[in-house]
Trainee: 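Got a structure for you, questions after.
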Amino acid sequence: LRLYRDVCRKAQLFTWTDQFGRKWRDVLMESARKEFENSKQETDPEIIARAIFMGQQALIELDKKLAERNEQLLQQEAEILANIERTRND
């Protein structure tokens with residue numbers, strides 16, 4: 001349950017949209033909910049451990065994607081500010 005909450009918290013930071021216009025936040029939360037519901041009744045410890053491991057890996061990937069997106073936004077902001085400075089000096 002903690003892993004599910006962690007994924008949901010992290011998903012809230014994904015505010016941009018996919019190619020279909022859906023917010024990634026919604027896509028990620030729907031996927032996490034589906035995975036959680038599918039494994040809710042599981043009793044095999046090996047399968048449970050595998051599901052937890054995969055969820056943790058997904059959380060790591062979310063962190064990477066979020067860091068990449070933040071870096072893109074910072075680069076875009078820097079370019080905009082540089083353009084503003086150039087036009088002020090012209």
Trainee: I'd like to check the salt bridge (Lys or Arg N to Asp or Glu O under 4.0 Å) partners of Lys64; sequence neighbours left out, ordered by chain and number.
Mentor: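 Scan of Lys64 (salt bridge (Lys or Arg N to Asp or Glu O under 4.0 Å), adjacent residues dropped) gives Glu61.
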Trainee: Could you state whether Val7 and Trp16 fall into the same hydrophobic cluster, counting links through intermediate Ile, Leu, Val, Met, Phe, Trp or Tyr residues with side-chain heavy atoms under 4.5 angstrom apart?
Mentor: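 Yes, because Val7 and Trp16 connect within a single hydrophobic cluster, where side-chain heavy atoms sit under 4.5 Å apart.
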Trainee: Could you pull out every donor-acceptor pair under 3.5 Å between side chains of residues 46-54 and any protein atom, sequence neighbours left out?
Mentor:
from: Glu46; atom 1: OE2; to: Arg50; atom 2: NH2; distance (Å): 3.3

Trainee: How many angstroms lie between CZ in Arg69 and CG in Leu13, if you round to the nearest 0.5 Å?
Mentor: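 Output value for this atom pair is 13.0 Å.
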Trainee: Who passes side chain to side chain donor-acceptor pair (under 3.5 Å) against Asp44, sequence neighbours left out?
Mentor: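 Asp44 satisfies side chain to side chain donor-acceptor pair (under 3.5 Å) with no other residue.
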Trainee: Taking only residues two or more places apart in sequence, or in another chain, which ones meet Arg33 in a salt bridge (Lys or Arg N to Asp or Glu O under 4.0 Å)?
Mentor: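 If we apply the salt bridge (Lys or Arg N to Asp or Glu O under 4.0 Å) test to Arg33, skipping adjacent residues, the hits are Glu37.
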Trainee: Check whether any side-chain heavy atom of Trp24 lies under 4.5 Å from a side-chain heavy atom of Lys65, and answer yes or no.
Mentor: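 Counting from C-beta outward, Trp24 and Lys65 never come under 4.5 Å.
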Trainee: Would a 4.5 Å heavy-atom cut-off, applied to side chains only, mark Ile60 and Gln57 as touching?
Mentor: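 Side-chain contact under 4.5 Å: yes.
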Trainee: Applying salt bridge (charged side-chain N to carboxylate O under 4.0 Å, His left out), which residue pairs with at least one partner in residues 16-29 are found, sequence neighbours left out?
Mentor: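 For residues 16-29, and leaving out neighbouring residues, the salt bridge (charged side-chain N to carboxylate O under 4.0 Å, His left out) pairs sorted by first residue read Arg22-Glu30.
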Trainee: State which residues pass salt bridge (Lys or Arg N to Asp or Glu O under 4.0 Å) with Glu42; sequence neighbours excluded, sorted by chain then number.
Mentor: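 With neighbours one apart ignored, the set is empty.
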Trainee: At what distance, to the nearest 0.5 angstrom, does CZ of Arg86 lie from CG of Leu81?
Mentor: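 The CZ atom of Arg86 sits 11.0 Å away from the CG atom of Leu81.
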Trainee: Can you tell me if Ser31 uses its side chain to pair, donor with acceptor, with the backbone of Val27 under 3.5 Å?
Mentor: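 Checking the backbone N and O of Val27 against the side chain of Ser31, no donor-acceptor pair under 3.5 Å is found.
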Trainee: Just verifying a value: how many Å separate Leu3 CG and Phe36 CZ, rounded to the nearest 0.5 Å?
Mentor: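 If we round to the nearest 0.5 Å, Leu3:CG and Phe36:CZ are 10.0 Å apart.
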Trainee: Measure the spacing between CD of Gln12 and CG of Leu28 and express it to the nearest 0.5 Å.
Mentor: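 The CG atom of Leu28 is 10.0 Å from CD of Gln12, to the nearest 0.5 Å.
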Trainee: Applying the 4.5 Å side-chain criterion to the ILVMFWY set and letting contacts propagate, would Phe14 and Leu59 be lumped into a single cluster?
Mentor: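 In one cluster: yes.
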Trainee: Quick one: CZ on Arg9 to CZ on Arg2, what's the gap to the nearest 0.5 Å?
Mentor: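 One finds 8.0 Å between CZ of Arg9 and CZ of Arg2.
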Trainee: How far does CG of Asn70 sit from CD of Gln72, to the nearest 0.5 angstrom?
Mentor: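 If we round to the nearest 0.5 Å, Asn70:CG and Gln72:CD are 9.5 Å apart.
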